[in-house]
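Step one of this worksheet: look at the structure below.
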Amino acid sequence: EAAVTQSPRNKVAVTGGKVTLSCNQTNNHNNMYWYRQDTGHGLRLIHYSYGAGSTEKGDIPDGYKASRPSQENFSLILELATPSQTSVYFCASGGGLGGRDQDTQYFGPGTRLLVL
Amino acid sequence: GDQVEQSPSALSLHEGTGSALRCNFTTTMRAVQWFQQNSRGSLINLFYLASGTKENGRLKSTFNSKESYSTLHIRDAQLEDSGTYFCAAEEYGSSGNKLIFGIGTLLSVKP
């Protein structure tokens, strides 16, 4: 099973502060994703990446930036955190090879973010 | 998202019984994944299907792209099956293998 790790696992931030969430995968997957999970919405895609140096907007990108400095690492950045960004954030990786089961997405354990 | 309609929203089963969860799609999907979110919040991969049926132990899933639905059957439910089950689908023509999630089915298995 693919291994995806996230740090920190819990974070308390102040409104207006900068928050960086980190994700690492060790399975050489091309694609990586950031989602947030809120009650009543399931998971929603914020940003994703096809590989090192690539970042793409997902369905709800406003207020977030992303960075993919290497194949293994994908960060989500909140430059000016707001209370509405309080949520659970999940990172995922997937093959992106266009070949059926290789496109399976594997999720990290999640990061609980509270913005006060 | 609105393109993935998941039902029921909640389900209660007694140990040893079974049931089916369903996702209907309002657009054409090329693949579906099913996940279980456990009590710790972790998302556990159950199935990835581009078509047809897959089975794993007490779980079986079917994806019919033409008729725009997917099902997850659970038989002989156990206490550890409790949790929230999500389906997530890849829309035809979208880039990046992006997943659109349903809002989940909360399953409670009771002794």
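Letters A, B, ... are given to chains in the order of the sequence lines, protein chains preceding strands, and every chain is numbered from 1.
Residue with the most contacts toward chain B among A:Gln37, A:Arg44, A:Glu56: A:Gln37 (heavy-atom pairs, distance under 4.5 Å). Of the listed residues B:Arg40, B:Glu90, B:Gln33, B:Arg30, the one with more heavy-atom pairs under 4.5 angstrom with chain A than any other is B:Gln33.
Counting only distance, with no hydrogens or angles, the side chain of B:Ser82 and the backbone of B:Val109 share a donor-acceptor pair below 3.5 Å.
For B:Phe35, the part lying near chain A is the side chain, with the backbone staying farther off; criterion is any non-hydrogen pair under 4.5 Å. Interface residue B:Gln37: only side-chain heavy atoms are found under 4.5 Å from chain A.
With contacts defined as side-chain heavy-atom distances shorter than 4.5 Å, the pair A:Arg68/A:Met32 qualifies. Side-chain contact check for A:Arg36 versus A:Ile60: some heavy-atom pair is nearer than 4.5 Å.
A salt bridge is absent between A:Asp59 and B:Lys98: the closest approach of a Lys/Arg side-chain nitrogen to an acidic carboxylate oxygen does not fall below 4.0 angstrom.
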